[in-house]
Structure formats: structure tokens, C-alpha cells
Amino acid sequence: MMGLKNAFTPLYDRFMKKYTVKKPQYNEDEDTEVLFDQIFGPKIEDE
């Protein structure tokens with residue numbers, strides 16, 4: 001942050017990588033139904 005060298009930065013980065021959440025990538029043209037199913041669950045078929 002202030003330009004100081006810190007020997008613990010690589011250790012901190014490795015530790016925090018386990019707890020980092022990444023937004024999933026979806027192709028808008030192909031994955032709309034997959035995304036919908038993940039959010040709302042699979043479609044229930046009427047008999």
C-alpha cells in the first residue's frame with residue numbers, strides 16, 4: 001500500500017486464495033437455460 005517490502009505478502013496471498021470467490025463465467029447465448037436452472041432449480045414437467 002505504501003510501497004514497503006513485506007516478506008509475508010506471498011504467504012498472505014496464498015492463504016487468501018483459498019477464501020477468494022470468483023464469479024462464474026457464462027456464455028450468454030448458450031448458457032441461459034443452465035444459468036436459470038442453477039438459480040431456480042430444474043424445470044418441473046407437468047404430467
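Heads up: numbering here begins at 1 and tracks the sequence. The structure presented is a predicted model; accordingly, all values stated were derived computationally and were not measured. Below, each value reflects all heavy atoms present in this structure, side chains not excepted, and no hydrogens, waters or symmetry copies.
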**Study point:** With F40 via ring-ring contact (aromatic ring centres under 6.0 Å, His included) - residues at least two apart
**Key:** F36

If you look only at distance, which donor and acceptor atoms sit under 3.5 Å apart when one is on a side chain in residues 2-11 and the other is two or more places apart or in another chain?
residue	atom	partner	partner atom	Å
N6	OD1	F8	N	2.9
T9	OG1	N6	O	3.3

Practice item. With sequence neighbours left out, write down each residue that passes side-chain contact (heavy atoms from CB on, under 4.5 Å) with F15, or none if nothing qualifies. Key: K18, Y19

Point to revise | Co-members of the apolar cluster containing V21 [side chain, <4.5 Å] | key: none

